[in-house]
Engineer: 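To start, I am sharing the structure in question, which I have written as structure tokens.
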Amino acid sequence: MVSGLLSVDGGQTGIKMRFEHGDETQELRFPGVQTQEPVLPQLARAINQAIAEHNAPSAVISVGTTGLVKAEHDARQLFELIDSPATGQIALAHDSVTSYLGALGDHHGVVVAAGTGVVTLAVGHDAVARVDGWGHIMGDIGSGYWIGQQAMDAAMRGFDGRGPATALTDQLAARWPDLTEAYIELQAMPERVATVASFAQVAADLAATDAIAAQICARAGSELANSAATALRRVALSQGAGPVLVAGIGGVLAGEYVKNSFAQELERLIPAAQLQDSSGNGLDGAQRLSRLPEDHALQELVSRFGTQR
């Protein structure tokens, strides 16, 4: 009889998986979710590939993913797309939920998950609030994509002379030596969102020596703090007694300039905010999602943002 748990964290840069069976743990990675296309078939293809190529059939599959719209909030639909007779249970939720579960568990507070995209989720005593996570065209402010786009814009402003000179221009030219044609190649790339987001690391690396890169990173931190503060106000945690738990996860908040700006602006907006050193991530949250029936404190959260089969 097959048992085990397959936890899945569907992000724009990569779909991460963790297969647990007895004492064995195996972590896998597949190409990221393209949010302009239906998400569940993409997840099912990656899960089926993991099962076929890595011998990871599981009785329980637990998924948190970006790009999950209301029409796809259907664990049964995902179950039907997965070609595994061993699978008997599937839990499916928006990645804001699994990020929250991984970072804060069943505590009240707010989690900012900032990677290629960004989403913020706050859980209060009587309410849940999601802020941003609206994609790179309409939102995701302060995300890796946002930082990368701002950095590319500054690089081209410096190239034209419309803006101050910046080392970002040289770094962009290292990728595309002919900057007059860089935009053509970028627009044609299937992985253009991830490519733009990757330039966020360039900005982070230059922030200590380049004023423009530092300003972009600081603005990102400030925007992320504003999202966290907004979510806390919406769940009535911004002025309560005692500390308010705040966790920031994802690669963007690993950068010194973004993290410092985030902390400073958050302290100004919500003096009671208490930043947590969370080592949890979306995969940890997906793992916990599978055990949700045992955790009544989180039932409301997942009932609003996820389904189980």
Side-chain angles (χ1 to χ4, degrees), residues 11-14 31-36 66-67 95 99 112-120 131-228 248-266:
Q12 294 182 68
T13 300
V33 172
Q34 302 298 308
T35 55
Q36 73 275 15
T66 187
D95 63 347
S99 293
V112 179
T116 298
V118 62
V119 65
T120 297
V131 171
D132 208 347
W134 308 132
H136 67 279
I137 296 176
M138 297 178 66
D140 283 356
I141 308 303
S143 67
Y145 180 92
W146 184 89
I147 295 172
Q149 191 279 327
Q150 294 291 309
M152 287 182 172
D153 175 74
M156 297 311 295
R157 287 176 180 273
F159 175 73
D160 288 339
R162 292 177 291 129
T166 169
L168 291 165
T169 304
D170 293 334
Q171 291 299 312
L172 193 63
R175 174 65 186 267
W176 289 290
D178 186 353
L179 288 179
T180 66
E181 295 190 358
Y183 74 103
I184 297 294
E185 184 176 342
L186 179 59
Q187 288 173 173
M189 295 177 69
E191 302 295 327
R192 56 186 173 275
V193 172
T195 299
V196 172
S198 70
F199 207 64
Q201 186 60 54
V202 175
D205 292 342
L206 289 175
T209 56
D210 186 272
I212 303 302
Q215 289 170 15
I216 292 169
C217 291
R219 281 164 47 208
S222 179
E223 290 284 3
L224 296 174
N226 181 46
S227 290
I249 64 174
V252 167
L253 283 162
E256 179 183 359
Y257 277 72
V258 177
K259 184 176 181 179
N260 289 345
S261 174
F262 176 72
Q264 292 167 11
E265 182 67 4
L266 188 63

Engineer: Hey, could you give me the CD/OG1 distance between E185 and T195, rounded to the nearest 0.5 Å?
Structural biologist: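 Answer rounded to 0.5 Å: 9.0 Å.
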Engineer: Please find the pair of heavy atoms, one from L253 and one from G248, that lie closest to each other, and give the distance.
Structural biologist: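 Shortest heavy-atom contact: CD1-CA, 3.5 Å.
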Engineer: Mind checking the CG-CE spacing from L172 to M152? Nearest 0.5 Å is all I need.
Structural biologist: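 That separation rounds to 5.5 Å.
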Engineer: Rounded to the nearest 0.5 Å, what separates atom CD in Q215 from atom CD in Q150?
Structural biologist: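 Here the rounded value is 11.5 Å.
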Engineer: Which value, rounded to the nearest 0.5 Å, describes the distance between I216 atom CD1 and D153 atom CG?
Structural biologist: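 The CD1 atom of I216 sits 8.0 Å away from the CG atom of D153.
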Engineer: Is any side-chain heavy atom of T120 closer than 4.5 Å to one of D132?
Structural biologist: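 D132 vs T120: side chains apart.
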Engineer: If every non-hydrogen atom of T116 is compared with every non-hydrogen atom of A197, which pair is closest and at what distance?
Structural biologist: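 T116 and A197 have their closest heavy atoms at CG2-CB, 3.8 Å.
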Engineer: Hey, does I212 have a side-chain heavy atom less than 4.5 Å from the side chain of P164?
Structural biologist: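 In contact.
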Engineer: Counting neighbours of CD1 on I137 that are heavy atoms of other residues, nucleotides or ligands and sit closer than 6.0 Å, is the number greater than 12?
Structural biologist: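 Counting neighbours around CD1 of I137, 12 or fewer heavy atoms of other residues, nucleotides or ligands fall under 6.0 Å, so no.
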Engineer: Which atom pair, heavy atoms only, marks the closest approach of L168 to F199?
Structural biologist: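 Heavy atoms only, the tightest pair is O-CZ, 3.8 Å.
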Engineer: If you look at every heavy atom in R192 and Q187, which pair is closest and at what distance?
Structural biologist: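 Taking R192 first and Q187 second, the nearest heavy atoms are NH1-O, 3.6 Å.
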Engineer: Determine the minimum heavy-atom distance between A225 and F262, stating which atoms define it.
Structural biologist: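 Heavy atoms of A225 and F262 come nearest at N-CD1, 3.4 Å.
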Engineer: Once you round to the nearest 0.5 Å, how far does CD1 of I141 lie from CH2 of W146?
Structural biologist: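 So the CD1 of I141 and the CH2 of W146 are separated by 7.0 Å.
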